[in-house]
Amino acid sequence: MRNQTDFFTSVFQVVKLIPRGRVTSYGAIAAYLGAKKSSRVVGYAMNASHAIPAHRVVNRLGCLTGKMHFSNPEEMERLLQLEGIVVKEDCVVNFKQLFWDPSVELEL
DNA sequence: GTCTTGACGTTTA
DNA sequence: CTAAACGCCAAGA
């Protein structure tokens with residue numbers, strides 16, 4: 001019934017709330033949902049959904065691990081660059097500064 | 001219906 | 001220090 005128990009739906013909601021020029025990690029989203037161990041499912045949700053700024057979601061290292069899943073690997077990196085995010089060798093520079101933690105920004 | 005894989009992260013050896 | 005295993009959930013074969 002697509003309740004909040006749906007991990008995917010919850011992930012989509014959070015990802016959509018990511019402000020422009022910011023990035024977050026799979027683990028952060030999972031942790032916000034109360035399932036930090038289910039970070040893999042978060043990433044899977046990205047691939048399952050195509051209507052969310054997945055380019056703003058990276059692994060905890062700030063690396064564009066999922067860029068290869070885009071139409072073109074350079075697409076994800078380009079989108080981040082367009083938002084003012086600097087990407088170096090598939091990794092976000094100043095990731096710690098650009099990091100958008102839903103648990104903090106949304107003040108759970 | 002069962003097994004394997006997957007855009008991760010943490011813990012243990 | 002590095003390497004490997006576990007946990008979580010869903011989808012594809």
Side-chain angles (χ1 to χ4, degrees):
Chain A
M1 293 296 289
R2 293 73 179 153
N3 283 358
Q4 295 176 348
T5 49
D6 282 321
F7 208 89
F8 274 42
T9 304
S10 299
V11 171
F12 302 148
Q13 294 298 320
V14 176
V15 174
K16 287 179 182 176
L17 293 174
I18 300 174
R20 175 186 162 289
R22 292 285 190 141
V23 290
T24 188
S25 64
Y26 309 97
I29 297 170
Y32 175 69
L33 298 176
K36 61 180 183 181
K37 294 176 183 170
S38 303
S39 50
R40 347 178 26 144
V41 186
V42 177
Y44 198 81
M46 300 296 136
N47 192 14
S49 183
H50 56 89
I52 56 175
H55 60 274
R56 293 179 186 159
V57 183
V58 293
N59 67 357
R60 86 171 188 85
L61 301 176
C63 297
L64 285 55
T65 53
K67 69 171 191 174
M68 58 181 74
H69 289 272
F70 280 74
S71 304
N72 291 321
E74 56 187 74
E75 179 75 347
M76 185 174 183
E77 183 174 331
R78 195 185 68 166
L79 290 170
L80 291 172
Q81 298 275 12
L82 290 173
E83 296 189 354
I85 299 171
V86 181
V87 179
K88 181 80 174 182
E89 295 185 1
D90 302 338
C91 292
V92 176
V93 180
N94 299 332
F95 171 67
K96 195 161 69 176
Q97 295 179 8
L98 300 172
F99 183 61
W100 181 83
D101 189 343
S103 300
V104 176
E105 303 300 328
L106 299 178
E107 291 187 46
L108 174 59

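The chains referred to below are lettered A, B, ... by the order of the sequence lines, with proteins before strands, and numbering in each begins at 1. When reading the values below, keep in mind they use all heavy atoms of this one structure, side chains included, and skip hydrogens, waters and symmetry mates. Remember, predicted model here, so these are calculated numbers, not experimental data.
Comparing the same atom, P, in dA5(C) and in dT5(B) gives a spacing of 14 Å after rounding to whole Å. dC6(C) sits 14 Å from dT4(B) when the P atoms are compared, rounded to a whole Å.
When every heavy atom of Gly21(A) is checked against every heavy atom of Leu98(A), the shortest pair comes out as O-CD2, 3.6 Å. Taking each heavy atom of Gly66(A) and Tyr26(A) in turn, the nearest pair found is N-OH, 4.3 Å.
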Treat a base pair as Watson-Crick or G-U wobble with both distances under 3.5 Å, then lay out DNA chain B in dot-bracket form, 5' to 3', with | for cross-strand pairs. .|||||.||||||
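Linking ILVMFWY side-chain heavy atoms closer than 4.5 Å, directly or via other members, places Val57(A) and Leu80(A) in two distinct hydrophobic clusters.
The side-chain hydrogen bond (donor to acceptor under 3.5 Å, both in side chains) with His55(A) is formed by just one residue from the set Glu83(A), Glu75(A), Glu77(A); it is Glu83(A).
Residues Val87(A) and Gln81(A) form a side-chain contact, since some pair of their non-hydrogen atoms from C-beta on lies under 4.5 Å apart. In this structure the side chain of Val14(A) reaches within 4.5 angstrom of the side chain of Trp100(A), judged on heavy atoms. Inter-residue side-chain proximity for Leu61(A) and Cys91(A) is flagged as unmet; no heavy-atom pair is nearer than 4.5 Å.
In this entry the distance linking CD1 of Ile29(A) with C1' of dC8(C) reads 15 Å, nearest Å. Asp6(A) has its CG atom 16 Å from the C1' atom of dC8(C), to the nearest Å.
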List the protein contact pattern of nucleotides 2-9 of chain B with one symbol per nucleotide (5' to 3'): B for base contact, S for sugar-phosphate-only contact, - for none; contact means a heavy-atom distance under 4.0 Å. ----BBBS
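Side chain of Asp101(A) to main chain of Ser103(A): a donor-acceptor pair is present (N/O by atom type, distance under 3.5 Å, no hydrogens or angles).
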